[in-house]
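Below you'll find the structure, written out as structure tokens, and then a few comments.
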Amino acid sequence: MSLLEAIRGPRDLDALTPQQLEQLAAEVRAFLIENVARTGGHLGPNLGVVELTIALHRVFDSPQDPFVFDTGHQSYVHKLLTGRQDFGALRSRGGLAGYPQRSESEHDVVESSHASSSLSWADGISRALTRTGRKDRHVIAVVGDGALTGGMTWEALNNISDDNDRNLVIVVNDNGRSYAPTIGGMARYLNRVRTTEQYESLRKGSASFFRKLGPAGRAVYRGVRGGTHGFLSRFTNNAALYSNLDIKYLGPIDGHDLEALEETLRLAKEYGAPAIVHVITEKGRGYEPARNDEADQFHAVGKIDPATGEPIGSSDAEAWTDVFSDALVAAGERRADVIAITAAMLRPTGLQPFAQRYPDRVYDVGIAEQHAVASAAGLAFGGLHPVVAIYATFMNRAFDQVMMDVALHKAGVTFVLDRSGVTGPDGPSHHGVWDLAMLQLVPGIRIAAPRDAARLREEFDEAIAVEDAPTVIRFPKGAVAADQPALERLADGTDVLWRHGAEDVLLVGIGPMTQLAVAVAERLRAQGIGATVVDPRWVVPVQPSIVKLAASHRLVITIEDGIRVGGVGTRVRQVLREAGVDTAVDELGLPDEFIDHATREQILEDAGLSAAKIAQDVVAQVLGTRIPVARPSTDTGAIWTVSPQDSEHQER
């Protein structure tokens with residue numbers, strides 16, 4: 001049995017010798033490479049925190065001492081050391097989540113993986129423990145250097161430094177890389193530390209330093225490292241970063257030196273007040289393909305060959321992100337006023353080609369979505385047209401700025417929301433299912449949901465032509481399906497994709513859900529039910545043609561991959577009532593729940609968003625046996641019912 005297989009919980013680490021701990025670290029890396037290569041996931045960040053996580057669990061007593069990871073993608077090693085070693089279905093239904101998840105283990109505390117919130121969590125937990133008399137327990141926040149660019153981090157630090165009677169340890173995992181090279185003033189401080197000669201000499205000699213000096217050396221080490229801001233801070237000017245925070249600073253520490261890590265973490269534990277432990281790690285450590293990946297050291301990978309790191313079974317199909325990326329470059333060629341903004345995700349959101357072409361027209365603000373949006377309002381005021389590219393789930397953080405800074409001031413800002421709708425394996429914090437319900441509350445906003453690549457290019461150009469209101473382009477994760485030509489484009493831009501038979505059912509598909517709408521229409525035709533399928537293209541505001549078409553049909557079905565509550569379907573129904581149209585509307589979408597990780601197909605099936613299920617329900621609504629009931633028809637033709645298995649037809 002390997003050492004890793006014998007680990008069932010953190011306390012199994014206590015009896016291991018230094019040599020065994022080094023062996024365990026090697027086994028953990030080999031395990032991660034072998035298993036994540038099969039499933040995909042966040043490989044590089046976890047390879048970088050192996051020794052750090054081992055040391056944390058050796059020094060502290062989880063779950064009595066709560067661990068908070070920021071962000072949670074660096075928690076794979078934590079899972080292994082807390083008894084979760086079945087990675088066979090990682091990020092798949094029934095398998096381990098890719099982030100901390102309370103239902104998996106009492107060792108997991110914070111599930112949300114939106115960066116920069118860990119210190120606020122740790123602040124609250126430590127205050128609660130102190131206030132309720134549990135002063136023997138510690139709270140440990142592991143925060144990546146990229147997360148330090150987020151404003152919440154500094155709000156939390158300000159409050160933590162105001163009350164120093166708590167056992168709170170902040171571990172800064174500094175690998176110099178988040179999704180892209182960490183930017184901003186914080187990065188410059190950390191870069192100065194990483195490149196200082198004194199640091200390099202100490203980092204390289206830390207192991208031998210302890211071995212040679214013995215107990216006396218350890219005492220000196222405590223005195224030096226436990227100084228007001230740490231020995232190295234005096235040489236690197238790192239003290240300036242923390243001098244006004246009144247928090248003990250220890251470091252920087254070689255994040256792959258187990259002995260140095262344990263020694264420093266014990267100092268922080270014994271200090272009796274908030275302390276920052278600055279740890280330097282190497283993302284992708286121990287795996288050459290990751291180390292050699294200049295983009296992001298295998299931050300997140302699909303299925304790969306563990307020997308070479310090359311993708312396995314990768315598709316040649318064009319991705320939504322790539323289509324947008326090309327459209328942005330093309331727009332930049334035509335218009336010098338088009339600029340791009342990202343929140344530490346230059347490559348994932350497709351801005352890298354634009355940045356290479358126009359390096360002075362891209363602003364990476366770090367993990368600071370609120371600042372990105374408010375800054376965009378200012379850029380628009382100055383005569384530019386900002387394109388803010390953000391994952392849909394992270395747009396939640398900047399809602400106030402969209403409302404009060406952009407929309408209130410009628411600023412021409414275009415938001416491009418990647419990974420909208422169901423994202424699949426990344427789980428509840430990463431599904432982009434709230435944007436349609438959330439953003440349509442904003443007065444004057446215009447929201448487009450392209451159904452294919454041609455419409456994405458077209459609608460993006462239409463969006464950046466708007467200079468007096470915010471515009472939104474949203475699209476899902478993954479490959480773009482084949483272009484879906486329209487039968488007809490109506491005067492207001494609505495596309496008619498299908499028209500057959502009587503005007504029984506109007507199917508309004510939102511974005512890529514138009515494919516599902518057409519599949520439903522084909523099934524309805526087999527039942528003798530007429531259908532019209534439309535793509536509004538611009539789903540907010542509701543187009544006049546939708547109102548007119550709804551008035552002439554017996555039933556309206558809206559299909560979207562956002563939550564039903566407050567979604568586009570709800571808005572369509574309200575607009576119809578305001579216009580005096582009493583056609584019944586059935587709004588189909590996702591439940592207002594936090595949806596667990598699974599494939600996109602599994603999640604949509606669970607929500608009843610399949611052609612067979614929708615067609616079955618529509619037949620019942622047309623027949624008057626299911627609410628909402630379709631208006632009566634004067635057509636006396638036959639209507640066929642469909643069985644739950646969609647396999648038997650029976651004339652009524």
Is the side chain of [X] donor-acceptor paired with the backbone N or O of [Y] at a distance under 3.5 Å, no angle test?
{"X": "R577", "Y": "V581", "answer": "yes"}
{"X": "R361", "Y": "G332", "answer": "yes"}
{"X": "R474", "Y": "L436", "answer": "no"}
{"X": "Q543", "Y": "G493", "answer": "no"}
{"X": "D504", "Y": "I529", "answer": "no"}
{"X": "T570", "Y": "V565", "answer": "no"}
{"X": "T583", "Y": "L555", "answer": "no"}
{"X": "E111", "Y": "R102", "answer": "yes"}
{"X": "D364", "Y": "A344", "answer": "yes"}
{"X": "R451", "Y": "Q484", "answer": "yes"}

Tell me every residue that passes side chain to side chain contact (heavy atoms under 4.5 Å, CB included) with [X], counting only those two or more places apart in sequence or in another chain.
{"X": "H597", "value": "A97, Q101"}
{"X": "A300", "value": "H42"}
{"X": "E462", "value": "E458, E459, R537, W538"}
{"X": "E333", "value": "V329, R357, Y358"}

Dump the intermediate steps for side-chain contact (heavy atoms from CB on, under 4.5 Å) on L408 and M403, then the final yes or no.
CA-CA 6 Å; L408 178 63; M403 176 77 82; over 6 Å; no
Do the side chains of [Y] and [X] get nearer than 4.5 Å, heavy atoms only?
{"X": "I390", "Y": "T349", "result": "no"}
{"X": "P541", "Y": "Q440", "result": "no"}
{"X": "W320", "Y": "P512", "result": "yes"}
{"X": "M395", "Y": "D435", "result": "no"}
{"X": "F87", "Y": "T39", "result": "no"}
{"X": "L328", "Y": "V416", "result": "no"}
{"X": "R446", "Y": "V466", "result": "yes"}
{"X": "Y99", "Y": "P428", "result": "no"}

Evaluate side-chain contact (heavy atoms from CB on, under 4.5 Å) for V622 paired with Q527, printing each intermediate quantity in order.
CA-CA 11 Å; V622 169; Q527 309 306 313; over 6 Å; no
Is there any ring-ring contact (aromatic ring centres under 6.0 Å, His included) pair reaching into [range], and which pairs are they, with sequence neighbours excluded?
{"range": "residues 539-558", "result": "none"}
{"range": "residues 476-497", "result": "none"}
{"range": "residues 441-463", "result": "F324-F460"}

For [X], what residues pass the side-chain hydrogen bond (donor to acceptor under 3.5 Å, both in side chains) criterion, not counting sequence neighbours?
{"X": "D606", "answer": "R93"}
{"X": "H114", "answer": "T393"}
{"X": "S325", "answer": "none"}
{"X": "Q515", "answer": "none"}

Of all heavy-atom pairs between [X] and [Y], which one has the smallest distance, and what is that distance?
{"X": "P476", "Y": "R600", "result": "CB-NH1, 4.3 Å"}
{"X": "R455", "Y": "D495", "result": "CD-OD2, 4.2 Å"}
{"X": "A550", "Y": "R631", "result": "O-NH2, 4.1 Å"}
{"X": "A453", "Y": "V480", "result": "N-CG1, 3.4 Å"}
{"X": "A521", "Y": "W498", "result": "CB-NE1, 3.4 Å"}
{"X": "A376", "Y": "I341", "result": "CB-CD1, 3.8 Å"}

So, are D418 and K477 salt-bridged, with charged N and O less than 4.0 Å apart?
no
Salt bridge present between D461 and R334 (N-O < 4.0 angstrom)
yes
Supply the atom-to-atom distance [X] [atom1] to [Y] [atom2], rounded to the nearest 0.5 angstrom.
{"X": "R554", "Y": "Q621", "atom1": "CZ", "atom2": "CD", "value": "11.0 Å"}
{"X": "T471", "Y": "F415", "atom1": "OG1", "atom2": "CZ", "value": "8.0 Å"}
{"X": "L384", "Y": "R335", "atom1": "CG", "atom2": "CZ", "value": "10.0 Å"}
{"X": "D561", "Y": "L588", "atom1": "CG", "atom2": "CG", "value": "12.5 Å"}
{"X": "D596", "Y": "Q602", "atom1": "CG", "atom2": "CD", "value": "10.5 Å"}
{"X": "H385", "Y": "L379", "atom1": "NE2", "atom2": "CG", "value": "11.0 Å"}

Criterion side-chain contact (heavy atoms from CB on, under 4.5 Å) on T558 and I510, from CA distance to verdict:
CA-CA 8 Å; T558 62; I510 307 304; 5.7 Å; no
Would you please test L590 and L609 for side-chain contact (heavy atoms from CB on, under 4.5 Å) and show each step?
CA-CA 8 Å; L590 297 163; L609 297 178; 4.3 Å; yes
Applying the side-chain contact (heavy atoms from CB on, under 4.5 Å) test to F475, which of L417, T321, V323 qualifies?
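Considering L417, T321, V323, a side-chain contact (heavy atoms from CB on, under 4.5 Å) with F475 is found only for T321.
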May I ask you to check whether S545 and D492 show a side-chain donor-acceptor distance below 3.5 Å?
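Note: S545 and D492 side chains meet the donor-acceptor criterion.
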Side chain to side chain donor-acceptor pair (under 3.5 Å): which pairs involve residues 396-410, sequence neighbours left out?
none
Answer yes if the ring centres of H430 and F394 are under 6.0 angstrom apart, and no otherwise.
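For H430 and F394, the ring centres are under 6.0 Å apart.
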Might you confirm whether atom CD of E467 has over 12 heavy atoms from other residues, nucleotides or ligands at distances under 6.0 Å?
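Counting other residues, nucleotides and ligands, CD of E467 exceeds 12 neighbours.
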